[in-house]
Amino acid sequence: MPELPEVEVLVRHLSPLLKNKTVRGLDVRRAKVLAPTTVTQLKSAVIGARFSGLARRGKYLVFELQQRSRRGSVFLLGHLGMTGRVYLARRGDPLPKHAAVVIDLGRQTLIFEDTRYFGRLTLDMTPLAKLGPEPLSPKFTPAYLAAKLKRSSQAIKVKLLDQSLVAGIGNIYASEALFRAGISPRLVARGLRPEQVRRLWRAIRQVLREAIRCGSTVPLSFSRRGKRDGLFYFGRAPNTSDYYAERLQVYGREGEACQVCGTRIRRAIQASRSTFYCPRCQRGPASRMRRKCRGKTS
DNA sequence: CACCATGTTCCTTG
DNA sequence: CCAAGGAACATGGT
């Protein structure tokens with residue numbers, strides 16, 4: 001469940017529930033997700049400590065704990081990878097098959113589960129230093145975006161996945177933002193004109209804000225994926241709710257009609273990952289070329 | 001068996 | 001140093 005909006009909604013949900021809970025014990029069932037922290041290190045850092053805060057940075061979860069008889073905070077960094085989940089369960093509830101870390105809080109347990117084990121729960125905070133600004137913060141300005149893009153010859157879609165440019169955009173919202181900005185995902189980053197940069201800047205913020213609002217206003221199950229999946233990326237609309245059905249306009253919609261112009265949505269591969277776009281609403285270098293060729297030969 | 005999947009990091013090649 | 005591309009990580013769904 002991993003892009004910025006999903007993590008943000010999770011943090012808002014979990015933060016008050018976790019506050020002041022004390023860690024009684026830790027069951028690490030897949031030590032890999034702690035790396036480079038060891039089981040021993042984690043236990044000595046958090047057992048007996050009390051959760052005092054939870055925040056998000058990019059796609060990362062930042063847990064803050066207070067250790068009794070020790071001044072200062074202990075921080076735990078979480079990342080959900082592609083399939084990670086963090087949720088509270090009751091003590092004694094059956095554990096999911098891929099529970100990686102189970103934190104005993106007394107009556108409740110905090111479960112970090114991750115089917116593919118790409119996620120992390122660690123004391124190593126160094127990944128945060130590499131992140132660019134928060135897209136919804138004042139540090140992320142059109143001028144900043146323009147300056148960064150000017151120095152890149154990567155396709156704009158690929159560049160948006162670069163967490164050092166701006167933190168939190170993933171494969172879904174990169175496609176969505178470009179669609180809303182009317183920019184071809186193949187356009188070379190430095191080739192965006194100033195008004196395109198500004199439209200992209202606005203589209204990024206709009207798409208992320210809307211997704212957070214969607215996740216905040218709809219009841220969600222943060223734990224087990226049912227038919228409905230835990231947090232709110234649904235490859236397809238999970239029910240007939242227009243809310244979900246309309247939320248993603250291009251992602252996962254190859255072959256469907258564009259909601260703006262009716263042209264069929266296409267899928268392309270960029271940097272080994274799928275990009276979804278409307279070839280008409282998002283004309284770029286490729287389609288211009290194709291038209292030119294067609295014009296010459298026919 | 002084939003292909004696909006919300007992410008990051010590391011390695012090779014140019 | 002940079003950029004691009006691919007593989008790796010690991011499991012599951014269709």
Side-chain angles (χ1 to χ4, degrees), chain A residues 1-11 29-36 56-61 77-86 96-100 112-122 124-132 135 148-177 185-186 188-191 207-208 211-212 214-215 220 222 224-238 244 247-255 267-276:
Chain A
M1 183 268 333
E3 296 183 39
L4 182 153
E6 291 82 5
V7 179
E8 177 64 27
V9 171
L10 173 63
V11 164
R29 324 183 104 237
R30 191 62 84 111
K32 182 210 166 198
V33 307
L34 307 189
R56 179 193 58 73
R57 178 78 174 89
K59 303 172 193 174
Y60 288 90
L61 297 153
L77 189 66
H79 194 291
L80 299 171
M82 300 254 256
T83 53
R85 284 154 203 290
V86 178
K97 183 173 178 188
H98 298 293
F112 182 102
E113 84 160 292
D114 187 355
T115 307
R116 291 168 76 177
Y117 301 106
F118 287 174
R120 284 287 179 277
L121 189 64
T122 170
D124 174 27
M125 306 300 287
T126 57
L128 295 183
K130 299 170 198 148
L131 296 180
K148 290 289 251 185
L149 296 185
K150 209 178 301 175
R151 288 187 274 111
S152 171
S153 58
Q154 286 181 295
I156 185 62
K157 154 62 165 41
V158 176
K159 194 64 193 167
L160 287 179
L161 299 179
D162 177 354
Q163 302 299 296
S164 72
L165 169 70
V166 55
I169 299 174
N171 209 36
I172 294 174
Y173 297 106
S175 281
E176 292 297 315
R186 285 190 251 258
V188 168
R190 73 158 72 93
V207 157
L208 296 176
I212 291 169
C214 170
L220 296 167
F222 292 85
R224 307 284 286 146
R225 71 198 76 208
K227 43 229 132 167
R228 193 138 315 187
D229 205 351
L231 198 46
F232 57 109
Y233 158 59
F234 311 99
R236 198 106 313 280
Y244 290 133
R247 198 169 75 74
L248 301 181
Q249 298 186 4
V250 288
Y251 186 85
R253 294 185 179 276
E254 181 183 17
R267 182 170 76 99
I269 302 296
Q270 293 182 285
S272 311
R273 310 196 65 191
S274 290
T275 300
F276 298 88

Participant: Please give, in whole Å, the distance from dC2(C) P to Q154(A) CD?
Facilitator: 12 Å
Participant: Mark up nucleotides 9-14 of chain C, 5' to 3', with B wherever a protein heavy atom is under 4.0 angstrom from a base atom, S wherever such an atom reaches only the sugar-phosphate, and - elsewhere.
Facilitator: BBBS--
Participant: Taking Watson-Crick and G-U wobble pairs with both distances under 3.5 Å, convert DNA chain B into its dot-bracket string, 5' to 3', dots for unpaired and | for cross-strand pairs.
Facilitator: .||||.||||||||
Participant: Decide yes or no for V250(A) and E176(A): does some side-chain heavy atom of the first lie under 4.5 Å from some side-chain heavy atom of the second?
Facilitator: yes
Participant: Rounded to whole angstrom units, what separation is found between the CD atom of E3(A) and the C1' atom of dT8(B)?
Facilitator: 13 Å
Participant: Starting at OH of Y173(A) and ending at C1' of dG7(B), how long is that distance when rounded to a whole Å?
Facilitator: 15 Å
Participant: For a 4.5 angstrom cut-off between non-hydrogen side-chain atoms, does V7(A) reach Y60(A)?
Facilitator: no
Participant: I need the minimum non-hydrogen distance between A167(A) and R57(A), along with the two atoms involved.
Facilitator: CB-NH1, 3.7 Å
Participant: What is the distance from NZ of K130(A) to C1' of dC10(B), rounded to the nearest Å?
Facilitator: 11 Å
Participant: OP1 or OP2 of dA3(C) versus the side-chain N and O atoms of K159(A): is any pair under 4.0 Å?
Facilitator: no
Participant: Kindly indicate, with the supporting measurements, whether the criterion side-chain contact (heavy atoms from CB on, under 4.5 Å) is fulfilled by V207(A) and I169(A).
Facilitator: CA-CA 10 Å; V207(A) 157; I169(A) 299 174; over 6 Å; no
Participant: When you measure from the side-chain N and O atoms of Q163(A) to the phosphate of dG7(B), is any distance below 4.0 Å, counting only OP1 and OP2?
Facilitator: no
Participant: If you take all heavy atoms of G119(A) and D114(A), which pair is closest and at what distance?
Facilitator: N-OD2, 2.6 Å
Participant: Report the distance from atom OH of Y251(A) to atom C1' of dG7(B), rounded to the nearest whole Å.
Facilitator: 11 Å
Participant: Pick the P atom in dG6(C) and in dC3(B), then give their distance to the nearest Å.
Facilitator: 14 Å
Participant: To the nearest Å, give me how far apart CG (D162(A)) and P (dG7(B)) are.
Facilitator: 13 Å
Participant: Within the structure shown, what part of the strands sits under 4.0 Å from R120(A) by heavy-atom distance: base, sugar-phosphate, or nothing?
Facilitator: nothing
Participant: Donor-acceptor pairs are to be reported for all side-chain atoms of residues 150-157 of chain A against protein atoms at under 3.5 Å, with residues two or more places apart or in another chain.
Facilitator:
| from | atom 1 | to | atom 2 | distance (Å) |
| --- | --- | --- | --- | --- |
| S152(A) | OG | Q154(A) | N | 3.1 |
| K157(A) | NZ | N171(A) | OD1 | 2.8 |
| K157(A) | NZ | T275(A) | OG1 | 3.1 |

Participant: Could you tell me how far dA2(B) sits from dA8(C) if I compare only their P atoms? Round to whole Å.
Facilitator: 16 Å
Participant: Distance check: side-chain N/O of R273(A) vs OP1/OP2 of dT6(B), anything under 4.0 Å?
Facilitator: yes
Participant: With rounding to the closest Å, how many angstrom separate the P atoms on dT8(B) and dG12(C)?
Facilitator: 22 Å
